[in-house]
Participant: 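I am attaching a structure below and will ask some questions about it afterwards.
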Amino acid sequence: QAQLVQSGGGLVQAGGSLTLSCAASGNFYRINAMGWYRQAPGKQREFVSSITSDGSTNYADSVKDRFTISRDTVKNTVYLQMNILKPADTAVYYCNTDFSFGASWYTEDATFWGQGTQVTVSS
């Protein structure tokens, strides 16, 4: 019914920048919110940032003032601009999107995950 395709990621030195993207496609009624999570080795998956349909944004304290989330509503794509990267940012980053399926008279919500992309920050 829907899928998320991620691009970006890679290897960068501390202090550098990377941009991730995630494009949503499929047979959905609307997108309620899009966001990013990450999972480092030996750690649980954690919230990074999100943006809602009205443009409201949220950031984890660990990335606030360094990362910026944005969206392209025409392309159904969310971006994560990551600046001043630190080794602690090393993780697999996952796109997450909350969809509504159905029609205006009846919808059901579901969350889909992207395939993940590796971000490695060297010291």
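In this chain, numbering begins with 1 at the start of the sequence shown.
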Participant: Quick one: OG on Ser62 to CG on Asp89, what's the gap to the nearest 0.5 Å?
Facilitator: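 Rounded to the nearest 0.5 Å, the OG-CG separation comes out at 7.0 Å.
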Participant: Evaluate side chain to side chain contact (heavy atoms under 4.5 Å, CB included) for Trp113 paired with Gln6, printing each intermediate quantity in order.
Facilitator: CA-CA 10 Å; Trp113 293 92; Gln6 299 180 215; over 6 Å; no
Participant: Going by heavy atoms in the side chains, are Phe67 and Val48 under 4.5 Å from each other?
Facilitator: yes
Participant: Distance check, rounded to the nearest 0.5 Å: Ser49 atom OG versus Asn96 atom CG?
Facilitator: 11.5 Å
Participant: Hey, mind stepping through Ser100 and Asn32 against side chain to side chain donor-acceptor pair (under 3.5 Å) and telling me if it holds?
Facilitator: CA-CA 7 Å; Ser100 289; Asn32 301 311; 2.9 Å; yes
Participant: Measure the spacing between CE of Met34 and CD1 of Ile51 and express it to the nearest 0.5 Å.
Facilitator: 9.5 Å
Participant: Mind checking whether Asn76 and Ile31 have side chains closer than 4.5 Å, heavy atoms only?
Facilitator: yes
Participant: For the residue pair Phe28 and Phe99, categorise the inter-ring angle as parallel (less than 30°), tilted (30 to 60°) or perpendicular (more than 60°).
Facilitator: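 Tilted: the ring planes of Phe28 and Phe99 meet at 30° to 60°.
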Participant: Transitively linked via ILVMFWY side-chain contacts under 4.5 Å: Tyr94 with Trp36?
Facilitator: no
Participant: Are Tyr79 and Tyr93 near enough that their ring centres are under 6.0 Å apart?
Facilitator: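 Judged by ring-centre distance (under 6.0 Å), Tyr79 and Tyr93 do not meet the cut-off.
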Participant: Looking at OG of Ser122 and CG of Leu11, how far apart are the two atoms once the value is rounded to the nearest 0.5 Å?
Facilitator: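 It is 5.0 Å, given to the nearest 0.5 Å.
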Participant: Is the distance between the ring centroids of Tyr29 and Phe101 less than 6.0 Å?
Facilitator: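 Centroid separation for Tyr29 and Phe101: 6.0 Å or greater.
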Participant: Is a donor from one side chain sitting under 3.5 angstrom from an acceptor on the other, for Thr117 and Gln115?
Facilitator: no
Participant: Given side chains that start at C-beta, do those of Phe47 and Arg45 come closer than 4.5 Å, heavy atoms only?
Facilitator: no
Participant: If you measure from OG on Ser17 to CE on Met82, what distance do you get to the nearest 0.5 Å?
Facilitator: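 If we round to the nearest 0.5 Å, Ser17:OG and Met82:CE are 8.5 Å apart.
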Participant: Of the non-hydrogen atoms in Gly9 and Val119, which two are nearest, and what is the gap between them?
Facilitator: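 It is CA-CG2, 4.0 Å.
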Participant: Using atom types as modelled and distance alone, determine if a side-chain donor or acceptor of Arg38 lies under 3.5 Å from a backbone N or O of Ala91.
Facilitator: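 It does not hold such a pair.
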Participant: Could you grab the distance from atom OG1 of Thr97 to atom CG of Leu4, nearest 0.5 Å is fine?
Facilitator: 4.0 Å
Participant: Strictly distance-based, threshold 3.5 Å: is any side-chain N or O of Thr90 a donor or acceptor partner for the main-chain N or O of Val121?
Facilitator: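 Judged by distance alone, yes, a pair lies under 3.5 Å.
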Participant: Could you see if Tyr59 belongs to whatever hydrophobic cluster contains Val78? Use Ile, Leu, Val, Met, Phe, Trp, Tyr and a side-chain cutoff under 4.5 Å.
Facilitator: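 Linked, Tyr59 and Val78 end up in one cluster.
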Participant: Are Tyr37 and Leu20 in one and the same hydrophobic cluster, where Ile, Leu, Val, Met, Phe, Trp and Tyr link if side-chain heavy atoms are under 4.5 Å apart?
Facilitator: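 Result: no, two separate clusters.
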Participant: With clusters defined by side-chain heavy atoms of hydrophobic residues (ILVMFWY) lying less than 4.5 Å apart, directly or transitively, does Leu80 cluster with Val12?
Facilitator: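 In one cluster with Val12: Leu80, yes.
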Participant: Between Val63 and Leu85, is there a shared hydrophobic cluster once you connect ILVMFWY residues whose side-chain heavy atoms come closer than 4.5 Å?
Facilitator: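 Yes, because Val63 and Leu85 connect within a single hydrophobic cluster, where side-chain heavy atoms sit under 4.5 Å apart.
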Participant: Taking CG in Asp54 as the centre, count heavy atoms belonging to other residues, nucleotides or ligands within less than 6.0 Å. Is the count above 12?
Facilitator: yes
Participant: May I ask you to decide if Ser53's main-chain N or O and Arg71's side chain share a donor-acceptor pair within less than 3.5 Å?
Facilitator: yes
